[in-house]
Amino acid sequence: MTKAHNKENIYDVIYEVVRAIPKGRVSSYGAVAAAIGAKSGARVVGYAMNNCTGVKPKVPAHRVVNRNGLLTGKHHFETETRMEELLKKEGIKVKDDKVVDFEKIFWDPLTELGL
DNA sequence: AACATGACGTCGC
DNA sequence: AGCGACGCCATGT
């Protein structure tokens with residue numbers, strides 16, 4: 001298990017960035033990783049997402065996809081369809097487990113946050 | 001302390 | 001263009 005009472009974990013930073021993603025927008029693990037300083041730690045971002053299942057406030061992990069715009073983590077949600085359902089509900093179109101117009105709705109924290 | 005795993009990314013074939 | 005292998009960082013055993 002985690003350190004529990006540790007502060008400012010790398011996850012907290014990741015959650016913060018993910019929560020900053022506007023509705024109707026999506027981001028990639030690599031982009032978030034770069035935003036937190038771990039540009040090569042895309043895997044760590046995914047790891048954090050896996051742990052965000054019981055994190056407060058709720059983390060919109062469904063807005064985070066891989067570099068291909070593919071919903072690679074849909075299997076980790078409550079249900080496999082949960083992720084695309086949430087995305088569609090926010091106005092994001094999902095086709096074949098892939099985000100439609102991913103490049104257009106892509107939200108880069110490094111740019112949007114002014115980093 | 002070392003090995004194995006993972007919701008990724010990039011290079012190579 | 002599609003598939004495979006290696007590399008990166010953090011976590012768990």
Side-chain angles (χ1 to χ4, degrees):
Chain A
M1 300 297 285
T2 56
K3 284 78 184 182
H5 45 82
N6 199 8
K7 61 178 179 180
E8 297 273 335
N9 290 0
I10 181 170
Y11 292 152
D12 285 337
V13 186
I14 297 172
Y15 299 150
E16 200 170 336
V17 175
V18 175
R19 275 185 289 146
I21 302 175
K23 180 186 174 192
R25 296 279 193 167
V26 293
S27 186
S28 64
Y29 299 97
V32 176
I36 65 174
K39 56 181 191 283
S40 302
R43 314 187 81 157
V44 183
V45 177
Y47 218 86
M49 295 296 99
N50 186 11
N51 196 55
C52 87
T53 307
V55 176
K56 306 111 16 191
K58 184 172 176 282
V59 180
H62 58 271
R63 293 184 189 152
V64 185
V65 296
N66 69 346
R67 198 40 183 108
N68 299 304
L70 196 71
L71 284 67
T72 51
K74 58 178 289 180
H75 268 219
H76 291 264
F77 278 77
E78 304 174 56
T79 58
E80 297 183 32
T81 55
R82 184 71 189 206
M83 190 173 185
E84 53 187 276
E85 286 288 305
L86 289 168
L87 290 172
K88 288 178 181 178
K89 195 166 294 188
E90 297 194 351
I92 301 172
K93 300 171 187 169
V94 179
K95 187 72 173 186
D96 190 40
D97 298 343
K98 180 172 61 53
V99 177
V100 180
D101 297 323
F102 173 67
E103 303 177 25
K104 299 179 183 179
I105 63 177
F106 176 71
W107 188 83
D108 188 351
L110 283 173
T111 303
E112 303 301 318
L113 295 178
L115 300 177

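Note that this is a predicted model, so its numbers are computed, not measured. Proteins get letters first, then strands, A, B, ... in listed order; numbering begins at 1 in each.
Between A:Tyr11 atom OH and C:dG12 atom P the separation is 6 Å, expressed in whole Å. Across the protein-nucleic acid pair, A:His76 atom NE2 and B:dC8 atom C1' stand 12 Å apart, rounded to whole Å. Rounded to an integer number of Å, the gap from CG of A:Asn51 to P of B:dA7 is 13 Å. Distance CD (A:Glu80) to P (B:dA7): 13 Å, rounded to an integer number of Å. Between the OH atom of A:Tyr47 and the P atom of B:dA4 there is a distance of 15 Å, given to the nearest Å. The separation between A:Ile14 atom CD1 and C:dC8 atom C1' is 13 Å, rounded to whole Å. Nucleotide C:dT11 holds its C1' atom 15 Å from the CE atom of A:Met49, rounded to whole Å. Nucleotide C:dC8 holds its P atom 21 Å from the CG atom of A:Asn66, rounded to whole Å.
The side chain of A:Asn50 approaches B:dA7 more closely than any other nucleotide in the set B:dC8, C:dC8, B:dA7. Considering only the side chain of A:Val44, C:dA10 comes nearest among B:dA7, C:dA10, B:dC8.
Between B:dC8 and A:Thr72, a contact under 4.0 Å exists linking OP1 or OP2 to a side-chain N or O.
Salt-bridge check for A:Arg63 with A:Glu90: passed, with a basic side-chain N closer than 4.0 Å to an acidic carboxylate O.
Each of A:Leu70, A:Val100, A:Leu71 was scored for a side chain to side chain contact (heavy atoms under 4.5 Å, CB included) with A:Val94, with one residue passing: A:Leu71. Shown are A:Val18, A:Val59, A:Ile14; of these, the side chain to side chain contact (heavy atoms under 4.5 Å, CB included) with A:Cys52 is made only by A:Val59.
A:Tyr47 places no side-chain N or O within donor-acceptor distance of the main-chain N or O of A:Tyr11, the cut-off being under 3.5 Å.
Heavy atoms of A:Ala48 sit nowhere under 4.0 angstrom from any nucleic acid atom. Counting any heavy atom pair closer than 4.0 Å across all strands shown, A:Gly41 reaches sugar-phosphate atoms only and no base atom.
Tracing side-chain contacts under 4.5 Å through hydrophobic residues (I, L, V, M, F, W, Y), one never reaches A:Val64 starting from A:Met83; they form parts of separate clusters.
Checked by distance alone, A:Arg43 brings a side-chain donor or acceptor within 3.5 Å of a matching partner on the base of C:dC8.
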